[in-house]
Trainee: 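Would you mind keeping the following structure in view while I ask a few things?
Just so we're clear, the structure is a prediction, and the values are computed from it rather than from any experiment.
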Amino acid sequence: MITKELIDRINHLAQKKKTEGLTTEEEKEQVALRTEYLKAFKENMRHHIEGIKVVDEKGQDVTPDKLKQIQKEKGLHQRHKD
């Protein structure tokens, strides 16, 4: 989960790295925090994309079949047909 504290700590370490440098422990912490951030970001993005419904100018659902299948499996948009 991306929290304000996580972002604040990442930013603090980035600023410290630019100004005075990091200890070995801080470098390891920075790598771990960035990895945690990227994992959470990717999960959030996947969740967001999986919830998208694509509609054309005429109002017809043109969501790709692969995405429709994922949505059906997850019970999103009541995709019980198709």
Side-chain angles (χ1 to χ4, degrees):
M1 174 181 222
I2 299 174
T3 64
K4 182 178 181 341
E5 292 79 18
L6 174 67
I7 293 172
D8 288 346
R9 184 64 180 158
I10 290 170
N11 289 337
H12 171 75
L13 290 172
Q15 185 62 36
K16 185 176 180 190
K17 183 176 182 177
K18 289 179 186 177
T19 58
E20 57 190 274
L22 299 176
T23 65
T24 303
E25 293 80 24
E26 289 171 327
E27 288 175 357
K28 290 177 183 177
E29 179 187 8
Q30 186 180 42
V31 169
L33 292 174
R34 287 179 173 174
T35 300
E36 179 183 344
Y37 174 84
L38 287 173
K39 180 182 176 194
F41 179 85
K42 288 175 184 178
E43 288 173 1
N44 289 342
M45 183 61 69
R46 176 175 292 280
H47 178 75
H48 178 72
I49 289 171
E50 287 175 350
I52 290 176
K53 184 174 182 178
V54 183
V55 180
D56 68 10
E57 308 83 33
K58 298 176 185 176
Q60 296 178 351
D61 185 355
V62 293
T63 305
D65 291 337
K66 185 175 180 179
L67 183 54
K68 284 183 183 181
Q69 183 60 35
I70 292 169
Q71 292 169 344
K72 182 178 179 182
E73 290 169 4
K74 294 187 175 192
L76 303 173
H77 302 299
Q78 291 74 45
R79 296 208 184 278
H80 302 293
K81 298 178 185 177
D82 300 325

Trainee: Hey, does the side chain of Thr63 reach the backbone of Lys53 with a donor-acceptor pair shorter than 3.5 angstrom?
Mentor: no

Trainee: Using modelled atom types and a 3.5 Å cut-off, is there a donor and acceptor pairing between side-chain atoms of Glu43 and backbone atoms of Leu38?
Mentor: no

Trainee: Measure the spacing between CD1 of Ile49 and NZ of Lys42 and express it to the nearest 0.5 Å.
Mentor: 12.5 Å

Trainee: In terms of hydrophobic clusters joined by side-chain contacts under 4.5 Å, are Met1 and Ile7 together?
Mentor: no

Trainee: At what distance, to the nearest 0.5 angstrom, does CG of Leu33 lie from CG of Asn11?
Mentor: 10.5 Å

Trainee: Between Leu13 and Glu27, is any pair of side-chain heavy atoms under 4.5 Å apart?
Mentor: no

Trainee: For Glu50, does its backbone N or O pair with a side-chain atom of Gln71 as donor and acceptor, under 3.5 Å?
Mentor: yes

Trainee: Distance from Thr35 atom OG1 to Gln30 atom CD, nearest 0.5 Å?
Mentor: 10.0 Å

Trainee: Would you mind listing every salt bridge (charged side-chain N to carboxylate O under 4.0 Å, His left out) that reaches into residues 4-16, with sequence neighbours excluded?
Mentor: Lys4-Asp8, Arg9-Glu29, Lys16-Glu26

Trainee: Of all heavy-atom pairs between Tyr37 and Ile10, which one has the smallest distance, and what is that distance?
Mentor: CB-CD1, 3.8 Å

Trainee: Given the rule that I, L, V, M, F, W and Y join up when any side-chain heavy atoms are under 4.5 Å apart, are Val55 and Ile52 in one cluster?
Mentor: no

Trainee: Look up atom CG in Leu67 and atom CG in Leu76, then write down how far apart they are to the nearest 0.5 Å.
Mentor: 9.0 Å

